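Read through the structure below, which is laid out as structure tokens, and then see the notes.
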Amino acid sequence: MPNLSFSSDLHCHPNYKLFARAHRKDGLPPDVQNASPSSKSSLWHYNPPSITDKLANYFLSITKFRQHNLTAAMYGRLFVMEAGMGCVEKYFFNNKLGTGRLTDLIDDFVSEFDTPRINAIEGMTRSISMMMK
């Protein structure tokens with residue numbers, strides 16, 4: 001009898017690290033989503049965490065590695081996925097730590113978004129429902 005077990009994830013964001021890495025800090029236009037799994041700007045890019053990444057995650061709750069990509073989903077038999085493909089939520093950066101310079105550095109270290117982009121996201125005031133009117 002075949003093994004029919006699989007997993008489901010009803011809330012994941014496979015594009016956050018990808019989006020952060022696509023925006024270049026040298027001022028050039030952002031990289032385009034790449035179909036090649038070897039490119040860091042691909043939803044299929046698979047780069048499992050190193051032992052250092054795992055230790056930082058376990059002891060410090062710092063996650064510097066991509067937690068989700070389509071290749072990892074395939075390896076983990078994730079057959080049902082509700083992927084949030086929109087922009088980063090404001091409160092991902094406007095959190096318990098506050099919104100100061102030190103917090104921006106911590107958020108940048110973890111998310112790989114740069115400080116000006118973090119400040120722009122923190123400063124968003126309009127919701128999508130307000131923009132639709």
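Remember, it's a predicted structure, so these values are computed and weren't measured experimentally. Counting begins at 1 with the first residue of the sequence.
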- Task: Check whether any side-chain heavy atom of Thr115 sits under 4.5 Å from a side-chain heavy atom of Arg101, and report yes or no.
- Result: no
- Message: Tell me every residue that passes side chain to side chain contact (heavy atoms under 4.5 Å, CB included) with Asn57, counting only those two or more places apart in sequence or in another chain.
- Response: Thr63, Phe65
- Message: Under the rule for side chain to side chain contact (heavy atoms under 4.5 Å, CB included), what residues qualify as partners of Pro37, not counting sequence neighbours?
- Response: Trp44
- Contacts of Phe109 that satisfy side chain to side chain contact (heavy atoms under 4.5 Å, CB included) - sequence neighbours left out: Ile62, Lys64
- Minimum heavy-atom distance between Lys54 and Pro49, given as atom pair plus value: CE-O, 3.8 Å
- From the list Asp104, Leu105, Thr103, side-chain contact (heavy atoms from CB on, under 4.5 Å) with Ile118 holds only for Asp104
- Task: List the steps, then state whether side chain to side chain contact (heavy atoms under 4.5 Å, CB included) holds for His45 with Ser38.
- Result: CA-CA 6 Å; His45 182 68; Ser38 64; 5.5 Å; no
- Query: Would a hydrophobic clustering, with Ile, Leu, Val, Met, Phe, Trp and Tyr connected at side-chain separations under 4.5 Å, put Met74 with Val80?
  - Reply: no
- Listed by chain and number, what are the side-chain hydrogen bond (donor to acceptor under 3.5 Å, both in side chains) partners of Ser8, not counting sequence neighbours? none
- Value for CG (Asp107) from CG (Leu102), rounded to nearest 0.5 Å, stands at 9.5 Å
- Sequence-distant partners of Asp53, side-chain hydrogen bond (donor to acceptor under 3.5 Å, both in side chains), two or more places apart: Ser50
- Message: Test of understanding: with side chain to side chain contact (heavy atoms under 4.5 Å, CB included), list the residues that count as partners of Tyr46, not counting sequence neighbours.
- Response: Pro48, Asn69, Thr71, Ala72, Tyr75
- Task: Search all heavy atoms of Ser7 against all heavy atoms of Gly76 and return the closest pair with its distance.
- Result: OG-O, 3.9 Å
